[in-house]
Amino acid sequence: MKTDFTEVQRSNPLMQMMEENLRKCVHCGFCLPSCPTYSVLGDERESPRGRIYLIKDMLESRDAPNTETVSHVDSCLSCLACVSACPSGVDYQHYIDYARSYIEDHHQRPWFERFLRSLIVYIITHARFFRFVLRMARFAKPLSRFFSSKIFSVINMVPAELKVEKITNTAKIFPAKGLKIKRVSLLMGCAQNVLRPSINEATIRLLTRMNMEVVVTEGVGCCGALNHHIGKDSIARDLAKTNIDAWLTEFDQRGIDNIIVNAAGCGTEIKDYAYMFKDDLEYNEKAKKISNLTKDISELLSEHQLPSVSLSNQPNIIYHDACSLMYGQGITREPREHLKAVGFELTEIPGRHFCCGSAGSYNLLQPAMAETLKDRRLTLIDKVSKSNRASILATGNIGCLMQLASGTGLQVVHTVELLDWATGGLKPPN
Ligand code: SF4
Ligand code: SF4
């Protein structure tokens, strides 16, 4: 693709990367069928290729972004399905990230929209506040249909029951049950530990039974993904720096073999810290080290023998790939192998994989598209569950779990909860 950037623009390393990316795109359109928003709307501007053109025009013009471009960038899920589909290696992930941050810096949204975007992300990433808001929202649930579609979708996502987390973000050590083979730091996450603390509890039970010492590292908090995905790069970078410093202190003072993440969206973000700080003289090497230490829980489990199976009559399972795990980290085989290894019968969802519409805070900011994608996904899942008598849906990301659970009668659980249950742990909560 021909580009028209000025020399001043080209002196910015990020803009240079954008230009390189643009030049790789040969307009073939192979990415279009993989795009969920294009599949729903059939509009070129709602496709990866269309967005690439719109962003190119926005960057070349150097004017404030127009509302049309902003709306088509906002409606991208950052699911990254198009990245896998592109034969030319266009780095769409960092291209759309840059566009979002450019829009954040150069476009003035209406005040209510600005307020809502900031508020939603602030609430989700502050555990105490988030828990308080969820409790309040449960009282409003019976009245949710009287609110606007955005507020309705927020309230509708609130789980019926909120369990108090037993393990918080404060420093803690969970010793290996037998002779220690590894020491790992578990990311507790922000939203996940409020919405479903049983995921971290199951992870710790499973890993300590596998003779790993699990630590919660003091000072590690939100990974920054939610802010990053709405263009608030400076907040995301500050959160990332705090985590990097805390993990490096743990690494230097007490030693850790890996950082373990059981929320796929957070894992994708932390593995990308190396890219986030690639031009930062102070944090470049530090960020690389943290990204290299980071593994999704399913990757760690693949390196070790799972504990012996103690459950009999395992139910049939349907497995839903979280986009952040499948496209963001290229992990599809490992969770399936683990579930089969502990005796679960696995059923695949037929057809092309499309995002369920969760995508960080997307389901709260773009509720109409998120609902359409959820319904599409659940229609396929329900069909499979009826023919295979599967009663449980497993996935590796809290966002997908909450999104799908809000529209199905199936029990929706995290993969690690099933692995823990089958090998001597607790039954996952409904
Ligand atoms: S990231 Fe997903 S929604 Fe966005 S353009 Fe690519 S395929 Fe479409
Ligand atoms: S598949 Fe890649 S090269 Fe082809 S139009 Fe999409 S982004 Fe461009």
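Please read all numbers here as calculations on a predicted model, not as lab measurements. Counting convention: from 1, in listed order, for ligands and their atoms alike.
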| note | To the nearest 0.5 Å, atom CD1 of Ile244 lies from atom CG of Leu293 at 11.5 Å
| query | So which protein heavy atom does atom 4 (Fe) of ligand 1 come closest to, and at what separation? | reply | Cys76 SG, 2.3 Å
| Can you tell which of Leu380, Asn388, Ile381 makes a side-chain contact (heavy atoms from CB on, under 4.5 Å) with Ile318? | Ile381
| For Tyr319, which residues count as a ring pair (Phe, Tyr, Trp, His ring centres under 6.0 Å) partner, sequence neighbours excluded? | none
| query | What orientation do Tyr327 and His353 show, parallel under 30°, tilted 30 to 60°, or perpendicular over 60°? | reply | perpendicular
| What's the shortest distance from atom 2 (Fe) of ligand 1 to any protein heavy atom, and which residue and atom give it? | Cys79 SG, 2.3 Å
| How far is atom 8 (Fe) of ligand 1 from its nearest protein heavy atom, and which residue and atom is that? | Cys35 SG, 2.4 Å
| Can you list every side-chain hydrogen bond (donor to acceptor under 3.5 Å, both in side chains) pair that touches residues 83-93, not counting sequence neighbours? | Asp91-His94
| request: Among all protein heavy atoms, pick out the one at the shortest distance from atom 5 (S) of ligand 1; state its residue, atom name and that distance to 0.1 Å. | output: Arg51 NH1, 3.1 Å
| task | Tell me, with the steps shown, if Met212 and Ile260 meet side-chain contact (heavy atoms from CB on, under 4.5 Å). | result | CA-CA 12 Å; Met212 294 185 216; Ile260 300 305; over 6 Å; no
| request: Please write down residue, atom name and distance for the protein heavy atom closest to atom 3 (S) of ligand 1. | output: Leu77 N, 3.4 Å
| field | Atoms (protein N, O or S; no water) under 2.8 Å from atom 6 (Fe) of ligand 2 | value | 1
| task | Could you tell me if the ring centre of His27 sits under 6.0 Å from that of Tyr53? | result | yes
| task | Find all atoms of ligand 1 within a distance of less than 4.0 Å from any non-hydrogen atom belonging to Pro36, and give their numbers and elements. | result | 2 (Fe), 3 (S), 7 (S), 8 (Fe)
| Sequence neighbours excluded, which residues qualify as side chain to side chain donor-acceptor pair (under 3.5 Å) partners of Glu345? | none
| Should the proximity of Ile96 to ligand 1, defined as any heavy atom under 4.0 Å, be assigned to the side chain, the backbone, both, or neither? | neither
| note | Which of Val416, Val214, Thr423, Asp420 passes side-chain contact (heavy atoms from CB on, under 4.5 Å) with Arg205? It is Asp420
| request: Answer yes or no: are there more than 12 heavy-atom neighbours, outside Lys427 itself, under 6.0 Å from its atom NZ? | output: no
| query | Hey, which atoms in ligand 2 end up nearer than 4.0 Å to a heavy atom of Pro87? | reply | 1 (S)
